2 protein chains.
Amino acid sequence: MDKKMFAFYKTRAVVVKAMAHPVRLYIVDELSRGEKCVCELTELIGMDMSTVSKHLSVLKNAGIVQDEKRGTKVFYILRMPCVMNFFDCVDNVIRELIQEQLEFIK
Amino acid sequence: MDKKMFAFYKTRAVVVKAMAHPVRLYIVDELSRGEKCVCELTELIGMDMSTVSKHLSVLKNAGIVQDEKRGTKVFYILRMPCVMNFFDCVDNVIRELIQEQLEFIK
DNA sequence: TTCTTATTTGGTTATATTGCCAAATAACCA
DNA sequence: TGGTTATTTGGCAATATAACCAAATAAGAA
């Protein structure tokens with residue numbers, strides 16, 4: 001794998017990594033149902049607002065969400081709804097894993 | 001977000017995290033073109049075999065690939081080809097990001 | 001301007017990840 | 001059996017991530 005190729009996969013990894021956290025996956029899921037401000041998400045998640053804000057900036061830097069300031073509030077919007085299709089695949093992976101573990105116990 | 005919900009997103013995160021690394025993304029891409037043994041992947045990647053082996057075990061534990069021992073070699077097979085569809089989406093995210101950065105420079 | 005609300009940023013600590021080396025394991029061959 | 005090849009495992013050091021708190025910033029209201 002040469003430098004250029006590694007750089008290419010590294011760029012892809014930035015986007016994938018941005019979603020590789022339970023809180024950020026929850027945020028993406030929540031935003032797929034419509035925009036939400038940081039305060040609403042903080043309430044839903046039940047963590048420090050600074051923590052939620054940092055998770056949002058990871059998603060924003062990866063191009064997955066965008067923000068929009070209105071008054072004192074900042075609303076976040078899912079910019080790339082195509083990521084949602086991926087979750088069906090992820091859930092299939094999980095189902096197969098559980099199936100396999102069941103076979104193993106038998 | 002209650003305990004159960006967090007556990008659900010944590011499970012999803014295990015699968016996403018398994019792909020959140022340039023080398024593992026490369027492996028998935030490579031395996032989508034057919035099975036390969038650890039030795040072949042090590043040659044292609046140009047890293048220590050133990051490193052490649054560990055990356056493969058992350059993908060295996062997440063249910064994304066499976067392994068098959070034949071003689072002294074271990075072949076890895078992409079078990080969940082649906083993850084490939086996701087890359088089209090990731091590449092779209094990247095394209096939009098670059099577009100945005102271009103606008104910003106202008 | 002001062003107060004309040006919403007959000008981000010900086011700093012710190014705890015934990016997780018990554019990559020290498022060396023050693024252990026496993027299967028085949030002579 | 002002993003040797004060779006392929007792979008995995010354990011351990012270590014370097015780096016990255018995540019969560020909290022406190023402080024800074026930004027916009028609107030009094």
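Quick note on labels: first sequence line is chain A, next is B, and so on, each numbered from 1. This structure is a prediction, so every number in the text was calculated from the model and none was measured.
Proximity of B:Arg79 to A:Glu100: side-chain heavy atoms (C-beta onward) are separated by under 4.5 Å at one or more points.
Proximity of A:His55 to the phosphate of D:dA19: a side-chain N or O atom is located under 4.0 Å from OP1 or OP2. A sub-4.0 Å separation between OP1 or OP2 of C:dA6 and a side-chain N or O of A:Tyr76 is absent. B:Ser53 has a side-chain polar atom (N or O) that falls below the 4.0 Å cut-off from OP1 or OP2 of D:dT8. A close approach under 4.0 Å does not occur between any side-chain nitrogen or oxygen of A:Ser50 and OP1 or OP2 of D:dC20.
Follow the hydrophobic side-chain contacts under 4.5 Å out from B:Phe87 and you never reach B:Val58; the two are in separate clusters.
When the P atom of C:dT17 is taken as reference, atom CG of B:Leu25 falls 16 Å away, rounded to whole Å. The NE2-P distance, from A:His21 to C:dA16, rounds to 11 Å in whole Å. At whole-Å resolution of the value, NZ in A:Lys73 and C1' in C:dT4 are 14 Å apart. Between B:Lys10 atom NZ and D:dA19 atom P the separation is 11 Å, expressed in whole Å. For B:Met49 and C:dG19, the CE to C1' distance is 15 Å, given to the nearest whole Å. In this structure, B:Asp48 places its CG atom 14 Å from C1' of D:dC12, rounding to the nearest Å. Rounded to an integer number of Å, the gap from NZ of B:Lys17 to C1' of C:dT17 is 10 Å. Straight-line distance from the CG atom of B:Asn61 to the P atom of C:dT17: 12 Å, rounded to whole Å.
In this pair, B:His21 and B:His55 present their aromatic rings tilted. The plane angle is within the 30 to 60° band.
Mapping B:Arg70 and A:Val52 onto DNA chain C via the closest heavy atom, the residue that lands nearer the 5' end is A:Val52.
Residue B:Lys54 places a side-chain atom within donor-acceptor reach of the base of D:dG10, judged by atom type and a 3.5 Å distance cut-off alone. Residue-to-nucleotide contacts include no donor-acceptor pair under 3.5 Å from the side chain of A:Lys69 to the base of D:dG28.
How far CZ of B:Arg33 is from CG of B:Leu78: 11.5 Å, rounded to the nearest 0.5 Å.
In this structure, B:Arg24 reaches the sugar-phosphate backbone alone: every heavy-atom distance under 4.0 Å involves primed, P, OP1 or OP2 atoms, never a base. Using a 4.0 Å heavy-atom criterion, one finds that A:Ser57 contacts no nucleic acid atom at all.
When each of D:dA6, D:dA27, C:dT7 is scored by its nearest atom to the side-chain atoms of A:Thr72, the top-ranked nucleotide is D:dA27.
Formation of a donor-acceptor pair under 3.5 Å by the A:Glu96 side chain with backbone atoms of A:Val93 is not found in this model.
Searching all strands for a Watson-Crick or G-U wobble partner of C:dA30 with both distances below 3.5 Å returns D:dT1.
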